[in-house]
> 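Starting off with a structure, shown below.
Numbering of residues begins at 1 and proceeds along the displayed sequence.
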Amino acid sequence: MLRFIHNFRHRLSDIDALPQLTLLGAVIGCLAGLFIVVFRYAIEMPLGYLLPLNNDNFEGLTPWWQFGLPVAGAFIIGTGFHFLDHRHRHVSIGHVLERLHNYEGRMPVVNLLVQFVGGAISLICGHSVGREGPAVHIGASISSLIGQWLKLPNNSLGTLIGCGVAAAIAASFNTPIAGVIFAMEVVLMSYTIVGFIPIMMASVCGALIARAAFGNELFLTIENIELNGLIEMPFMVIAGIIVALFASAYIKLQLSFGRFNHYPIFARIMAAGLMTGCVAVFFPEILGLGYDTINLTIEGKLGLGFLLALVLSKIVVTSFSITMGIPGGIIGPQLFIGACIGGFIGIVGNSLFPDNIHNNGIYVLLGMAAMMGAVLNAPLAALMAVLELTYSPGVIFPSMLIIVVACVLTRY
């Protein structure tokens with residue numbers, strides 16, 4: 001056995017190590033998928049008992065619960081972080097990128113445990129964060145620890161982390177293609193044939209594990225995703241400009257809130273909990289992942305003023321929570337914000353041009369794609385994510401246009 005592992009490590013140091021990397025990708029994909037399934041159950045089972053109707057229905061709670069849950073979660077997380085060494089407080093995608101580029105991909109075990117527990121508490125208590133940040137950290141850590149245990153060469157650890165990230169995204173959202181693109185576009189920041197195949201294998205395995213546990217679920221449902229024709233293209237460009245303004249506002253706010261980072265960690269996290277609780281009393285839709293609100297927006301059941309209020313509330317609360325140290329991701333909130341912006345744009349367009357623009361739902365999806373792509377600077381990952389979340393190929397062409405406009409203007 002030891003000789004086999006030694007020969008396996010030796011083969012991975014060669015330039016032609018595709019079979020070995022693909023085999024490792026399958027193993028990592030299965031393990032990362034299992035960890036993500038456990039992580040999702042750790043969140044969804046308590047929420048199933050706590051919330052009426054569904055796991056996103058924080059609106060069904062009383063105002064005291066809407067205020068108290070995020071505050072209680074912040075108190076638990078803040079207390080835990082207070083007694084942790086500052087090195088072990090680093091979590092989510094930022095931590096993965098730091099370890100990948102500065103420490104040759106070696107991920108510590110303690111940070112993995114902190115991310116798993118802290119991320120679960122954040123999402124159970126309804127904080128305005130996404131689950132993709134914890135998922136990426138968990139998947140990357142699993143793959144890195146396997147690579148360290150096998151004493152693999154450094155040139156293999158990066159690919160293995162890409163495998164773990166892709167499998168984690170695929171298992172978390174049932175989006176295997178987006179998992180591959182996200183791993184290579186956002187984490188590894190490169191595309192290579194040697195890396196592509198193992199990462200694809202890991203993503204497939206992660207998605208299979210999640211589908212075995214949760215079924216082939218669709219997060220969003222929409223019918224007839226078709227434009228009326230090229231006459232809507234100028235309005236798409238305007239929509240991209242509007243999304244870019246909100247994406248820039250989110251980024252600027254997050255940078256601005258960074259000036260509070262010199263305060264003690266407990267005070268910062270409690271401030272995030274108090275802000276979330278206070279805003280949630282008036283707009284409980286900002287709590288949690290908010291897929292129920294996105295579907296209501298697609299169906300056109302929310303008004304203009306309410307959608308704008310949700311956008312502004314979610315942008316402020318999410319940027320503040322992430323900057324203050326709540327252990328979660330930003331993709332879920334960006335999809336929520338983009339959906340509300342798109343719903344707002346669709347209603348306005350329908351009012352101004354009722355003969356040409358009457359499908360509000362497609363603008364919700366376009367807003368989601370544009371907001372995610374603009375904030376993360378990951379246009380292809382955003383395109384694939386929205387495509388797989390809806391299984392609607394009709395969204396591809398208009399999404400490409402609005403993503404380009406939003407990404408270019410946000411970066412400018």
Side-chain angles (χ1 to χ4, degrees), residues 56 58-59 66 70 74 92-94 122-123 126-133 239-261 268-269 271-291 293-294 296-297 302-326 328-348 363-378 382 402-403 405-407 409-411:
D56 287 325
F58 286 92
E59 302 90 325
Q66 291 162 355
S92 198
I93 299 174
S122 298
L123 291 163
H127 279 277
S128 185
V129 294
R131 70 173 175 227
E132 83 292 331
I241 294 171
I242 294 172
V243 171
L245 293 174
F246 282 103
S248 301
Y250 173 85
I251 295 169
K252 289 287 188 181
L253 272 176
Q254 193 159 353
L255 293 173
S256 177
F257 288 140
R259 68 180 187 272
F260 298 121
N261 282 340
R268 285 189 278 130
I269 290 182
L274 287 167
M275 173 184 278
T276 304
C278 290
V279 175
V281 171
F282 300 96
F283 301 105
E285 289 81 5
I286 69 163
L287 296 175
L289 300 176
Y291 287 119
T293 304
I294 294 176
L296 289 176
T297 307
L302 303 179
L304 279 175
F306 188 66
L307 287 171
L308 182 59
L310 287 182
V311 169
L312 297 176
S313 301
K314 192 76 169 178
I315 284 177
V316 173
V317 172
T318 301
S319 58
F320 188 74
S321 298
I322 293 293
T323 309
M324 293 301 100
I326 297 293
I330 66 170
I331 295 179
Q334 300 314 315
L335 294 177
F336 180 98
I337 294 167
C340 293
I341 296 171
F344 182 94
I345 293 170
I347 293 173
V348 172
Y363 284 92
V364 174
L365 299 181
L366 296 179
M368 294 167 63
M371 191 71 184
M372 175 181 167
V375 171
L376 292 179
N377 195 26
I402 194 171
I403 287 173
V405 173
C407 287
L409 288 180
T410 301
R411 185 153 186 165

> Restricting to non-hydrogen atoms, name the atom on Ala369 and the atom on Ala382 that form the minimum distance, rounded to 0.1 Å.
O-CB, 3.3 Å
> Whether the side chain of Ser92 engages the backbone of Gly328 through a donor-acceptor N/O pair (distance < 3.5 Å, no angle test) should be reported.
yes
> If we ignore hydrogens and angles and just use 3.5 Å, is the side chain of Lys314 paired with the main-chain N or O of Ile337 as donor and acceptor?
no
> Kindly give the heavy-atom pair with the smallest separation between Gly290 and Asp56, and that separation in Å.
N-OD1, 3.9 Å
> May I ask you to decide if Thr323's main-chain N or O and Gln254's side chain share a donor-acceptor pair within less than 3.5 Å?
no
> Please name the pair of heavy atoms, one in Leu409 and one in Ala244, separated by the smallest distance, quoted to 0.1 Å.
CB-CB, 3.6 Å
> Please assess Tyr250 against Ile330 for the test side-chain contact (heavy atoms from CB on, under 4.5 Å), listing each intermediate value before the final yes or no.
CA-CA 11 Å; Tyr250 173 85; Ile330 66 170; 3.4 Å; yes
> When rounded to the nearest 0.5 angstrom, what distance separates CZ in Arg268 from OG in Ser321?
12.5 Å
> Measure from the side-chain N and O atoms of Ser319 to the backbone N and O of Val316, and report whether any donor-acceptor pair falls under 3.5 Å.
yes
> I want to check something: taking the side chain as every heavy atom from C-beta on, are Leu376 and Gln334 in contact at a cut-off of under 4.5 Å?
no
> Mind running side-chain contact (heavy atoms from CB on, under 4.5 Å) on Val375 and Thr410 for me, showing each step along the way?
CA-CA 8 Å; Val375 171; Thr410 301; over 6 Å; no
> A side-chain contact here means heavy atoms from C-beta on lying under 4.5 Å apart; do Phe336 and Val311 qualify?
no
> Looking at CE of Met371 and CG of Leu335, how far apart are the two atoms once the value is rounded to the nearest 0.5 Å?
10.0 Å
> So do the side chains of Val129 and Leu123 get within less than 4.5 Å of each other, counting heavy atoms only?
yes
> Looking at Phe260, I'd like to know if its CZ atom is crowded, meaning that more than 12 non-hydrogen atoms belonging to other residues, nucleotides or ligands lie closer than 6.0 Å.
yes
> If you define the side chain from C-beta out and look only at heavy atoms, does anything of Ile341 sit under 4.5 Å from Met368?
no
> Looking only at heavy atoms, which two atoms of Val279 and Ser313 are closest? And how far apart?
CG1-CB, 3.8 Å
> Side-chain contact test, heavy atoms from C-beta onward, threshold under 4.5 Å: evaluate it for Glu285 versus Phe306 and give yes or no.
yes
> Applying the side-chain contact (heavy atoms from CB on, under 4.5 Å) criterion to Val317, which one of Ser128, Pro333, Cys278, Pro70 satisfies it?
Ser128
> Just wondering, do Phe320 and Ile326 contact through their side chains at under 4.5 Å, heavy atoms?
no
> How long is the span from the CG atom in Leu308 to the CZ atom in Phe344, to the nearest 0.5 Å?
5.5 Å
> Between atom SG of Cys340 and atom CD1 of Ile315, what is the distance when rounded to the nearest 0.5 Å?
10.0 Å
> Please name the pair of heavy atoms, one in Ala74 and one in Gly273, separated by the smallest distance, quoted to 0.1 Å.
CB-CA, 3.6 Å
> Of all heavy-atom pairs between Leu287 and Gly126, which one has the smallest distance, and what is that distance?
CD2-O, 3.1 Å
> Compare all side-chain heavy atoms of Leu302 with those of Thr293 and state whether any distance is below 4.5 angstrom.
yes
> In Å and rounded to the nearest 0.5 Å, what is the CD to CZ distance from Gln66 to Phe283?
12.0 Å
> To the nearest 0.5 Å, tell me how far Leu365 CG sits from Thr297 OG1.
11.0 Å
